[in-house]
Protein chains: 2
Amino acid sequence: MVDAFSAAAEPNRRRILQLLASRPRTVGEVAAEFPVTRSAISQHLLLLASAGLVAAERHGRQRHYRVLPSGLRKVQAEIDRFWTDELDLLVTDAQLRSKT
Amino acid sequence: MVDAFSAAAEPNRRRILQLLASRPRTVGEVAAEFPVTRSAISQHLLLLASAGLVAAERHGRQRHYRVLPSGLRKVQAEIDRFWTDELDLLVTDAQLRSKT
DNA sequence: CTCATACGTTAGTGAACACTAACGCATCGG
DNA sequence: CCGATGCGTTAGTGTTCACTAACGTATGAG
């Protein structure tokens with residue numbers, strides 16, 4: 001999983017990124033917001049880290065994960081490159097037509 | 001793969017959607033733009049169809065795939081819901097700081 | 001009709017994914 | 001010290017994915 005867009009796309013990871021956007025958190029803190037185990041969250045965080053989207057900092061026996069703006073910027077760039085004018089036109093055109 | 005965002009995120013499928021945005025195409029026409037086999041493209045198209053992003057129409061022995069604006073709108077909505085103000089702030093703040 | 005040919009989908013495979021269970025390792029109370 | 005507790009990661013498993021190879025089907029030349 002090298003692609004930042006794909007890494008950020010998985011539903012749980014989307015929410016993890018949003019949580020970490022407000023402030024850094026430990027694995028346990030993040031996991032508390034989800035119905036799955038700490039382990040699953042830990043692995044999502046490791047994957048996000050391998051995609052350059054988050055980084056961890058040791059703090060005693062905890063690990064504070066935070067979002068990396070550089071990785072986030074990469075996601076934004078890929079989203080922008082994906083969402084072409086042609087795709088946007090299809091959406092807006094269809095909406096106009098449905099409002100007629 | 002129910003999630004439209006995740007379905008659209010895979011790099012090949014991103015480009016398939018862009019190709020189909022300009023005009024409907026057959027599986028072979030799409031596959032000609034990729035280094036992989038028709039079969040692989042066919043399966044990507046089937047997955048996109050199961051996510052409600054594209055639909056096929058039989059035309060002789062060919063199948064003309066086209067983008068469904070309704071599905072595209074779903075993707076746009078999920079992207080918007082994902083990309084919160086907090087995430088955006090992280091990116092723009094970091095950019096401002098780097099330009100200082 | 002019939003056989004070659006082009007089109008798209010199904011069968012089959014190796015790798016990656018998402019998850020729980022078991023583990024290692026610090027830290028803290030006693 | 002040292003055992004218990006809490007934190008995060010590795011081991012193990014079933015599922016899904018991305019792909020090529022083989023297939024079925026329908027069209028078109030003769």
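In the text below, chain A, chain B and the rest are named by the order of the sequence lines, each starting its count at 1. Hydrogens, waters and symmetry mates are skipped; everything else that's a heavy atom, side chains included, is used.
- Looking only at distances, no side-chain donor or acceptor of A:Gln62 sits under 3.5 Å from a matching main-chain atom of A:Arg58.
- Closest to the side chain of B:Leu47, from the set C:dC19, D:dA18, D:dT10, is D:dA18.
- For the pair B:Arg25 CZ and C:dC7 P, the interatomic distance rounds to 15 Å; values are reported in whole Å.
- The distance from the CG atom of B:Asn12 to the CD1 atom of B:Ile41 is 6.0 Å, given to the nearest 0.5 Å.
- Atoms CD1 (B:Ile41) and P (C:dG8) sit 12 Å apart, rounded to a whole Å.
- If you check distances only, the side chain of B:Ser39 does reach the base of D:dA21 with a donor-acceptor pair under 3.5 Å.
- Distance, B:Arg38 CZ to D:dC23 C1': 12 Å, rounded to whole Å.
- B:Arg63 comes within 4.0 angstrom of the backbone, heavy atoms only, and of no base.
- Between B:Ser42 and C:dG8, a side-chain N or O to OP1/OP2 separation shorter than 4.0 Å is absent.
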| task | Before giving the answer on side-chain contact (heavy atoms from CB on, under 4.5 Å), spell out for B:Asp3 and B:Glu78 the whole-Å C-alpha distance, their side-chain angles and the decisive distance to 0.1 Å. | result | CA-CA 9 Å; B:Asp3 185 46; B:Glu78 289 177 17; 3.0 Å; yes
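- In this structure, A:Leu48 places its CG atom 12 Å from P of C:dC17, rounding to the nearest Å.
- As judged by a 4.0 angstrom heavy-atom cut-off over every strand, B:Tyr65 is placed among residues touching the sugar-phosphate backbone only.
- Look at A:Thr37 and you won't find any side-chain N or O under 4.0 angstrom from OP1 or OP2 of C:dC19.
- As rounded to whole Å, 11 Å separates atom C1' of D:dA26 from atom CD of B:Gln62.
- Contact between B:Leu48 and B:Ala7 at its shortest, heavy atoms only, is CD2-O, 4.0 Å.
- If you find the closest nucleotide of DNA chain D to B:Val36 and to A:Ala56, the one lying nearer the 5' end belongs to A:Ala56.
- B:His44 has no side-chain polar atom (N or O) that falls below the 4.0 Å cut-off from OP1 or OP2 of D:dC17.
- Rounded to whole angstrom, the span from the CZ atom of B:Arg61 across to the P atom of D:dT27 amounts to 8 Å.
- One atom, NE2 of B:His59, and another, C1' of D:dT25, lie 19 Å apart when rounded to the nearest Å.
- Using a 4.0 Å heavy-atom distance criterion, A:Arg58 is classed as making no nucleic acid contact.
- Remark: B:Glu29 pairs with B:Arg23, B:Arg25, B:Thr26 by the side chain to side chain contact (heavy atoms under 4.5 Å, CB included) rule, at least two apart or across chains.
- C:dA11 atom P lies 13 Å from atom CG of B:Leu46, rounded to whole Å.
- Within 3.5 Å, no donor on the side chain of B:Gln43 pairs with an acceptor on the base of D:dC17, nor the reverse.
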